[in-house]
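Structure record follows, encoded as structure tokens.
Chain letters run A, B, ... following the sequence lines, proteins first, then strands; residues in each count from 1.
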Amino acid sequence: MINSFYYILFLTFISSQPLSNEKAGITLEKNSFLEAMFSLAQKPDNYFLFDIREKRIFLMSRGIVLREWFADQVQFTGDPVPVQIFSLERKNIQFSELRHNIDVDDNSVNNTDPDNIGDNKTGENKKEDKFELEAVELDDMPTSYVLFLNGGISINIRTHEGFGSFFKNTTHSIMWHAYYPIRAIWSSLKKDTFTAIDISFKDEKEAQALFWAVADKAQCILLFTRSGDREAFQF
Amino acid sequence: MLKNRSLLISSIIAASLLTAILISEGIGYFILAKKKAHWRKADFSEINMDDKTLQKLEKENTRLVKQIKKLAPKGIYIVVDTAKNTLYLKKEGKIIRQAVISAGSGNVLAEPGGKRTWVFDTPRGEFFVKYKLKEPTWIKPDWAYIEEGEDIPKKFSERAETDVLGEYALGFGNGYFIHGTLYTRLLGRNVTHGCIRLGDEDLIAINKASAIGTKIYIF
């Protein structure tokens, strides 16, 4: 993964020879991208790279890719986004809302650590039949949610197949075709910016895993590659 | 007559509203289409850069790639996916061993009548192996007693519990360890208080492959 990532980075430098203005523009954009990447890689925190046009999302740390997601459909609308670092301001569903509180008074049932159930240290739980694991796990994560970044950017993550897909797809269509045009007028009147990105997965587990991985205040780079020379930012 | 008039007024209001919405939608679409044009093709016409500056910028970009590369871990490192409960031992980006783990339950424990609260998450981010222990002893923290509804012992020696953490433990700070478990049937589930549990064979392999300073990336 690490080699392919640097190979991809290398690709950004072997783009074809465009017109001088365009070459300068692309080099400037590359510089912004690398500056942002370097700034994030210097910190011990995980960060994200959303390669919007290539429909890929990378979870990274120290310049290496920890995990990769392949989206099925990606749409975007609103104001163009510069190559810079963005921070997650909030999610519409909080991870903390999904947590269970351990009831100390009734730890025979609610004790979340099966190590501590009963006296049997061999691991065979005498109450095995009754035991229900209370923990926040991947299956508990939402399959449809919104990430709000600074700069008026919202990233809507969803699955377009599986349970409730008709309702989700209808909601998405209404948002896309009815709400966002009105939102565009509103933002023009207010003279602020808004960008809406819609990322859709086939497999709901992928959407859930992304929710899991996006920590509070996570930082990210959104790569749209506006230039005609797409290869320059190929990932 | 009155009924017909009300109906007529309602129809006019509805038609006006619909027209207003449609006009707004049209204007909105026009604004979005204008913005979309910027997405399609960047306008670099205003950029005025001489060759010397361009070359300097290209050199700077090459330097940045080298700098980023320098930050990447050298040799073997560990990646932990707490959602999939999987640990990867990697070298130069390639997986050399994969193991099923148990990561933090994410549950919350509040001390009854007290001020302390614990959240049993496995920490995320970059860490490194700070110490390696053979046949580790678990010094039970306060939360373990509170969770079991027991009194917290006054003597430190009463907290020691042997043979519960497996053969080895790799500490990565703030009391968090990669260690073994008696409860191998729960591997693959989020059940711990934040530590990372491994099966016996995997623990031996991970312990052998890692050294003090081995990087651990958790997400």
- Query: Is it true that A/Arg99 and B/Asp121 have a side-chain N and a carboxylate O under 4.0 angstrom from each other?
  - Reply: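 Judged by the 4.0 Å cut-off on N to carboxylate O distance, A/Arg99 and B/Asp121 do form a salt bridge.
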Give, for atom [atom1] of [X] and atom [atom2] of [Y], the distance between the pair rounded to the nearest 0.5 Å.
X        : Y       : atom1 : atom2 : answer
A/Trp186 : B/Ile31 : CH2   : CD1   : 13.0 Å
B/Ile68  : A/Glu35 : CD1   : CD    : 9.0 Å
B/Asn61  : A/Leu28 : CG    : CG    : 8.5 Å
A/Leu34  : B/Leu64 : CG    : CG    : 5.5 Å

- Message: Under the rule for side-chain contact (heavy atoms from CB on, under 4.5 Å), what residues qualify as partners of B/Tyr176, not counting sequence neighbours?
- Response: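 Scan of B/Tyr176 (side-chain contact (heavy atoms from CB on, under 4.5 Å), adjacent residues dropped) gives B/Pro123, B/Phe172, B/Asn174.
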- Message: For residues 97-109 of chain B, which residue pairs pass the salt bridge (charged side-chain N to carboxylate O under 4.0 Å, His left out) check, not counting sequence neighbours?
- Response: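 Passing the test, one end in residues 97-109 of chain B: B/Arg97-B/Asp202.
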- So which residues of residues 209-219 of chain B are in contact with chain A at a heavy-atom cut-off of under 4.5 Å?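 If one takes a 4.5 Å heavy-atom cut-off, the residues of residues 209-219 of chain B near chain A are B/Tyr217, B/Ile218, B/Phe219.
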Measure [X] against the heavy atoms of chain B and call it side chain, backbone, both or neither at under 4.5 Å.
X       : result
A/Tyr47 : neither
A/Gln42 : both
A/Thr27 : both

- Message: Taking side chain to side chain donor-acceptor pair (under 3.5 Å) as the definition, give me every residue that meets it alongside B/Glu60, ordered by chain and number, with sequence neighbours left out.
- Response: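 With neighbours one apart ignored, the set is B/Arg63.
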